[in-house]
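Shown next, in structure tokens, is the structure this report addresses.
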Amino acid sequence: MRLSRLFLPTERQPPADAEAVSHKLLVRAGLVRQVGAGLWSWLPAGWRAHQRVAQIVREEIDGIGGQEMLMPVLNPAEIWKRSGRYDIDELFKLDDRKGAPHVLALTHEEIVTLHVAAAVKSYRDLPKILYHFQTKGRDEARPRAGVLRTREFIMKDSYSFDRDEEGLAASYDLHAEAYARIMERCGLEWYAVESDVGMMGGIGAHEYMAPCPSGENDVALAPGYAANTEVATAEPQPAGELTLSGELHTPGAMTIEAVSSALGVPKSRLLKAFPIVLDSGSRVDVFVRGDHRVNEIKLQNALKSGFRPAREEEIGRPPGFLGPTNQVKTVYDAAIGEGSWVVGANRPGYHEVIELPAGERLDVRTVVEGDTVNGAPIRIEPAIEVGNIFKLATRFSEPLGARYLDENGKEQLVWMGSYGIGPARIAAAAVEQSHDEQGISWPKAIAPYDVEVVALGKPGSDEAAAAEALYDELRAAGLSVLLDDRAAGAGEKFTDAELLGCPLRLTVGRRSLESGEAEAVARRGRTDLDPVPLTGAAEAVLERWRALP
RNA sequence: CGGGGAGUGGCGCAGUCUGGUAGCGCACCCGGCUGGGGGCCGGGCGGUCGCAGGUUCAAAUCCUGUCUCCCCGACCA
């Protein structure tokens, strides 16, 4: 492609409201443009990067036996009502001209299960892996960070159909292996973490995370351990010393901070009350250490029930001075060992020291930096979720009637898994992870073009002609090449080339005509490589190309 | 949904407090010079000041309403 003809609107300055690096650079390099909140167009060069990611994904899913198809974005509401997902807030809902309710699919479990339910009758029809690349609509409460969290995006979603749990486990493992290859091929720093199964139920899930500062998830990491902090478990750091006992006068001290400093007791020796009401209506007081926070997802999972914070009148005791009481069921977090603890005395102005025996504990707190896993301290870092794999079990096959007959003629439910990956997020995460002051530094497998040839000298000059010849030869050799043939100064061309971030840059100028060589520079690190001959360049360029990291 | 911020030419901004001919840099167009790190000179094009209503002789500026976008939080099959 000739840069003089490419629709690549670069900007010297980033959008004023951009925060995330990928947002700034993707816009500045002319790869994406915003249409509305969470709505983005991919411009030609950006779309090439997106497509290269998609092609890698396609190859790997095909490689585990996936069959590509296409399902519609617009779905009749009825099937979403049957699956029980119609009431999700993120679901875009609309009526057609006849007034019939429709939705924009968030994902395609409903539709794919519909087809499988209609067509699969026998155990002989299983297993199957079906997938497509299709637009997803999600009415996000808060789109953000450019292309990292949008209301419409393309997802590769695949679905596995097996006859039982073991079959599902095998399909799940195939996807895990394919996803690992995808992340590697895309050049991402990544890890798979245990994740919450969410409101979807299901029996297991992993997320594929790409660490980056603009990430929305916090991931807890230790050698051999990686988990979303939504579900992470770790050994707490030891609680501090407590020498007080009995009743303690603490007027006005209603926060952990205030009690801690008023009494001179470390926060880790205080207990914090979290009064809740379960879905069943029963009241429960949850206690965690003063230096810890309740993790509502872990709490919900541990209680096996949804809950909401209790209202003041439901608590019935003075806020700020809550302690355990016989009237309300009590749950202690696992970090609360046996021993003495400072708790609220259930009357204003007083706390007290109580002795807790060993007993039942539930792990319901959010881990913090420095907690340990197998003796090693964890660190917590932000990451963006670029893919997920999920054991759905019979969550959809049951309501949508996906059943088969086994060898004994007995009807069985199909066991399903669902597996998503977002090429746009992979591309954006790559930018987050691979950039410098000058711009993007694409991993070579997903760059918009493999090589950018910068032609110096005026259009029509000998230099330009030599650059043209090089351009033709490299394309003939199978490389994707961008030729900067604009009538612009050298500085502008180099600057734009570094902003766009193609992995290899070749410069053809007056020096080249004298030496018979084009200079070669690797974008990553902006490191000079051995120059390549102007005539018969293809082999030398391919060699440089292969040697790039 | 709560809190904060912003809408002025393609991008980045000033002007708004204190009403009086809409401005700057970059980009763009034309001519010339230059041609290995966003170069120089000269001449140009381009704006319903988010939208609606109101106050006023006069509104980008004051008042009311409204829409949109961004950031933090809540939320996140």
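Just so we're clear, the structure is a prediction, and the values are computed from it rather than from any experiment. Below, chains carry the letters A, B, ... as their sequence lines are ordered, and counting in each starts from 1.
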Looking for any heavy atom pair under 4.0 Å, which part of the strands does [X] touch: base, sugar-phosphate only, or nothing?
X         : answer
Ala145(A) : sugar-phosphate
Ala488(A) : base
Asp496(A) : base
Ala16(A)  : sugar-phosphate
Thr10(A)  : nothing
Leu106(A) : nothing
Ser461(A) : nothing
Arg510(A) : base
Pro15(A)  : sugar-phosphate
Gln34(A)  : sugar-phosphate

* Asked: On RNA chain B, nearest-nucleotide positions of Glu19(A) versus Leu499(A): which is more 5'?
  -> Leu499(A)
* When the nearest nucleotide of RNA chain B is assigned to Glu11(A) and to Arg151(A) on a heavy-atom basis, which residue is associated with the more 5' position? -> Glu11(A)
Base paired to [N] (Watson-Crick or G-U; both N/O distances under 3.5 angstrom):
N      : answer
G42(B) : C30(B)
A6(B)  : U68(B)
C49(B) : none
C62(B) : G54(B)

* Closer than 4.0 Å, any side-chain N/O of Arg142(A) to the OP1 or OP2 of C72(B)? -> yes
* Asked: OP1, OP2 of C69(B) versus side-chain N and O of Arg144(A): anything below 4.0 Å?
  -> no
* **Glu216(A) with Arg425(A): basic N within carboxylate O range, under 4.0 Å** => yes
* **Pair of N/O donor and acceptor under 3.5 Å linking G38(B) base with Arg486(A) side chain** => no
* Asked: Does a distance-only test, which skips hydrogens and angles, find a donor-acceptor pair under 3.5 Å between the side chain of Glu498(A) and the base of G37(B)?
  -> yes
* Among Glu519(A), Glu498(A), Glu452(A), which one satisfies side chain to side chain donor-acceptor pair (under 3.5 Å) with Arg505(A)? -> Glu498(A)
* Structure fact -> Atom CG of Asp89(A) and atom P of A77(B) are separated, to the nearest Å, by 11 Å
* Among A77(B), G25(B), G36(B), which is the nearest nucleotide to the side chain of Gln13(A)? -> G25(B)
* From G36(B), C76(B), C69(B), pick the nucleotide closest to the side chain of Ala490(A)? -> G36(B)
* To do: Would you check if Phe133(A) and Glu68(A) make a side-chain contact, meaning some heavy-atom pair closer than 4.5 Å?
  => yes
* Find out whether Leu148(A) and Glu432(A) are in side-chain contact, i.e. whether some heavy atom of one side chain is under 4.5 Å from a heavy atom of the other. => yes
* What orientation do His175(A) and Tyr179(A) show, parallel under 30°, tilted 30 to 60°, or perpendicular over 60°? -> perpendicular
* Asked: Would you call the rings of His206(A) and Tyr172(A) parallel, tilted or perpendicular, where under 30° means parallel and over 60° means perpendicular?
  -> tilted
* Asked: For Phe274(A) and Glu296(A), which heavy atoms make the closest approach, and how far apart are they?
  -> CZ-OE2, 3.7 Å
Are there any protein N/O atoms within less than 3.5 Å of an N/O atom in nucleotides 41-49 of chain B, and if so, which ones and at what distance?
none

* Whole-angstrom distance between U61(B) and C69(B), as gauged at atom C1' -> 22 Å
* Do Lys81(A)'s NZ or CZ and the ring of Tyr86(A) fall within the cation-pi criteria of under 6.0 Å and 45°? -> yes
* Structure fact -> The reported gap from CZ in Phe396(A) to CZ in Arg85(A) (rounded to nearest 0.5 angstrom) is 4.0 Å
